[in-house]
There are 2 protein chains.
Amino acid sequence: MIPDDVVSPLPSQRALGDLVTDVLREMITGGRFQPGQHLKETELADALKVSRGPIRQALARLEEEGHVELRRHRGAFVSTLTRTDVEEVHTLRGAIERLAAGRACTRMQGAGFAEMDEVLEQMKSVDTKIDPEDAVRLDLQFHDIIYAYCDHGRVQRVWESIRGQVTVFLRARNASFPDFLEVGYSEHKELRDALALGDPQAAQDGIDKHIVGAYERLKRLNLPDR
Amino acid sequence: MIPDDVVSPLPSQRALGDLVTDVLREMITGGRFQPGQHLKETELADALKVSRGPIRQALARLEEEGHVELRRHRGAFVSTLTRTDVEEVHTLRGAIERLAAGRACTRMQGAGFAEMDEVLEQMKSVDTKIDPEDAVRLDLQFHDIIYAYCDHGRVQRVWESIRGQVTVFLRARNASFPDFLEVGYSEHKELRDALALGDPQAAQDGIDKHIVGAYERLKRLNLPDR
DNA sequence: TCTCTGTAGATTGTAAACAGTTACTCATTG
DNA sequence: CAATGAGTAACTGTTTACAATCTACAGAGA
């Protein structure tokens with residue numbers, strides 16, 4: 001048996017459509033495309049040097065994630081961020097993360113909390129020297145741990161389907177309200193301590209409080225209604 | 001301006017892939033395929049008289065709904081129903097239906113409750129002359145109303161993604177425990193009354209109770225662990 | 001018995017072509 | 001001047017065919 005450490009991890013061999021999905025998602029969430037922009041299959045295929053097949057697969061998935069809108073015989077249009085989207089994403093996230101936390105708090109054991117503490121440690125340092133992109137990354141990383149340990153494939157998938165939009169929201173928030181960086185650490189530390197009680201009810205209450213707080217800040221963003 | 005009531009609703013022109021998705025889902029949930037059966041793209045394409053394109057689109061969607069498992073370079077296999085699936089579907093359903101009910105109870109107004117009462121009336125009659133398939137249909141119809149009135153596109157989509165599996169579970173339950181038919185009406189009536197209070201908290205409690213009850217019955221099914 | 005190798009079968013990815021639709025332009029009509 | 005309608009261009013939806021890649025299985029060899 002050859003240990004995992006020495007095998008070449010290169011031939012990842014994911015489906016081409018999955019790679020295209022990731023690339024396009026990053027381009028959209030990273031602001032490389034304008035909201036409302038018309039993405040044409042042939043253009044994308046030419047640009048990414050693949051055929052239309054994987055492109056269509058990627059666009060279908062991005063539509064499920066809410067990043068593009070697919071209009072029949074018209075093509076894909078980059079979604080515009082609305083107040084309704086923020087509300088939907090956050091209420092849905094609250095619902096599933098509540099479930100995830102209730103399960104995770106009894107499954108994380110030592111390993112999970114160690115991972116969390118590592119992230120928290122980095123958050124503390126971000127609080128001093130501010131890099132918005134790092135803050136977004138750490139925030140997501142913290143919550144990824146909860147979903148990873150909740151041991152629930154379907155919840156994990158729902159999270160993955162809204163994770164990209166959550167990223168967009170966090171970035172937008174950082175751009176408008178840089179003051180949040182100061183509360184990043186303390187709020188997550190509080191949530192971690194709630195989880196550490198190992199009581200599902202306490203974990204769920206912790207999530208409710210955490211998500212509501214995040215939503216309240218986001219609501220102050222100036223967004224179109226729909 | 002012509003009112004919506006008189007325009008012909010026909011030319012909807014759904015994409016072929018969507019139609020194929022519905023056909024295959026019905027064939028799987030209806031038991032036309034054996035669990036674990038290998039579904040080959042070319043066979044399906046020949047059988048349904050369409051090309052592989054729409055077939056692939058459909059299989060990708062059915063995988064998200066948990067009806068088939070896609071193994072790279074191996075193809076699609078009909079999912080086997082496990083105890084884990086039952087647990088995941090029901091806990092996820094509980095989480096999102098809780099949210100849906102909290103929103104729906106203040107939005108259903110008269111129209112929504114009228115729809116519910118119509119379904120409840122039919123449930124009452126089913127309780128006397130028993131037809132399992134009708135019971136499944138009415139049960140889903142009742143909950144569809146909650147999701148329709150919660151006015152939340154993303155929750156609606158998550159529901160649609162597990163609705164098929166819930167259907168499978170309900171059918172399996174009916175086959176094993178025909179006695180449930182007696183509680184169908186009363187449990188849903190109770191839930192309806194909780195929603196009618198117009199208080200989100202009461203609605204959520206009603207859902208918790210309802211889903212837990214449904215799950216407890218399902219757990220008695222004899223299923224493989226994974 | 002175990003390992004290796006080869007082959008057949010299946011899927012994935014690519015490419016090209018056609019059909020169907022949509023939106024747009026612009027002349028025509030009232 | 002607004003509304004209508006034909007005509008057109010562009011794009012997507014679908015089909016077909018082919019090349020590349022991978023998996024599983026069976027059989028040869030140690």
Side-chain angles (χ1 to χ4, degrees), chain A residues 1-3 7-25 27-28 33-65 67-80, chain B residues 1-2 7-25 27-28 33-64 67-80:
Chain A
M1 185 55 164
I2 301 177
V7 298
S8 68
L10 288 171
S12 68
Q13 290 305 21
R14 300 179 54 207
L16 200 46
D18 290 343
L19 291 174
V20 173
T21 305
D22 289 344
V23 170
L24 289 181
R25 180 178 27 240
M27 292 179 85
I28 292 173
F33 294 129
Q34 294 298 316
Q37 185 174 346
H38 189 174
L39 303 181
K40 296 158 195 168
E41 291 185 359
T42 49
E43 277 184 15
L44 294 174
D46 290 346
L48 298 178
K49 310 289 185 202
V50 299
S51 66
R52 276 175 57 202
I55 298 286
R56 288 178 63 98
Q57 190 181 328
L59 290 177
R61 203 160 296 178
L62 292 175
E63 194 227 355
E64 301 212 331
E65 296 180 17
H67 292 302
V68 302
E69 186 182 345
L70 250 44
R71 290 184 227 166
R72 191 172 163 75
H73 285 118
R74 283 288 294 147
F77 296 81
V78 178
S79 296
T80 306
Chain B
M1 187 56 164
I2 300 177
V7 297
S8 70
L10 287 170
S12 67
Q13 288 300 17
R14 301 180 55 208
L16 200 46
D18 291 342
L19 291 175
V20 173
T21 306
D22 290 343
V23 170
L24 290 181
R25 187 194 297 111
M27 292 179 83
I28 293 174
F33 295 130
Q34 294 298 316
Q37 185 172 345
H38 190 176
L39 303 181
K40 297 161 193 168
E41 291 188 357
T42 49
E43 276 184 13
L44 295 174
D46 289 346
L48 298 179
K49 311 288 185 203
V50 298
S51 67
R52 276 176 46 213
I55 297 287
R56 295 188 57 167
Q57 189 181 328
L59 289 177
R61 203 160 296 179
L62 291 175
E63 194 227 357
E64 302 214 331
H67 293 301
V68 301
E69 187 182 345
L70 251 43
R71 291 184 226 164
R72 191 173 161 73
H73 284 117
R74 283 289 295 147
F77 295 80
V78 178
S79 296
T80 306

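Convention: sequence-line order gives letters A, B, ...; per-chain numbering from 1.
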Members of residues 39-46 of chain A that approach DNA chain D, where some heavy atom sits under 4.0 Å away:
A:Leu39, A:Lys40, A:Glu41
Between side-chain atoms of residues 49-64 of chain B and protein atoms elsewhere (two or more places apart, or another chain), which donor-acceptor pairs fall under 3.5 Å?
{"residue": "B:Arg52", "atom": "NE", "partner": "B:Glu41", "partner atom": "OE1", "Å": "3.1"}
{"residue": "B:Arg61", "atom": "NH1", "partner": "B:Asp18", "partner atom": "OD1", "Å": "2.8"}

Report the distance from atom CG of A:Asp18 to atom C1' of C:dT12, rounded to the nearest whole Å.
12 Å
Distance, rounded to the nearest Å, where A:Leu59 contributes CG and D:dT12 contributes C1'
11 Å
Using atom CZ of A:Arg56 as one end and atom P of C:dT14 as the other, report the distance to the nearest whole Å.
15 Å
Taken in chain and number order and not counting sequence neighbours, the residues that satisfy salt bridge (Lys or Arg N to Asp or Glu O under 4.0 Å) with A:Arg71 are A:Glu69
Please report, rounded to the nearest Å, how far the C1' atom of D:dT23 is from the NE2 atom of B:His38.
10 Å
Roughly how many Å is it from CG in A:Leu70 to P in D:dT12, rounded to a whole number?
9 Å
Look at the side-chain N and O atoms of A:His73 and state whether any lies under 4.0 Å from the OP1 or OP2 oxygen of C:dT21.
no
Could you tell me the separation between the CZ atom of A:Phe77 and the C1' atom of D:dT12, rounded to a whole number of Å?
11 Å
Rounded to the nearest 0.5 Å, how far apart are CE of B:Met27 and CG of B:Leu39?
9.0 Å
Which atom names give the shortest non-hydrogen contact between A:Ala76 and A:Leu70, and what distance separates them?
CB-CD1, 3.6 Å
Could you tell me the separation between the NE2 atom of A:His67 and the CG atom of A:Leu24, rounded to the nearest 0.5 Å?
10.5 Å
Spacing of B:Gln57 atom CD relative to C:dT12 atom P, expressed in whole Å
14 Å
Please state whether the phosphate of D:dG13, meaning OP1 or OP2, lies under 4.0 angstrom from any side-chain nitrogen or oxygen of A:Arg72.
no
How close or far is atom P of D:dC11 from atom CD of A:Gln37, stated in whole angstroms?
14 Å
Tabulated below should be each protein N or O lying under 3.5 Å from an N or O of nucleotides 15-19 of chain D; please produce it.
{"residue": "D:dT15", "atom": "OP2", "partner": "B:Ser51", "partner atom": "N", "Å": "3.0"}
{"residue": "D:dT15", "atom": "OP2", "partner": "B:Ser51", "partner atom": "OG", "Å": "2.5"}
{"residue": "D:dT15", "atom": "O5'", "partner": "B:Ser51", "partner atom": "OG", "Å": "3.4"}

Ring pair (Phe, Tyr, Trp, His ring centres under 6.0 Å) contacts in which one or both residues fall within residues 37-61 of chain A, not counting sequence neighbours:
A:His38-A:Phe77
My understanding is that only one of A:Ile28, A:Leu48, A:Leu44 makes a side-chain contact (heavy atoms from CB on, under 4.5 Å) with A:Val23; could you say which?
A:Leu48
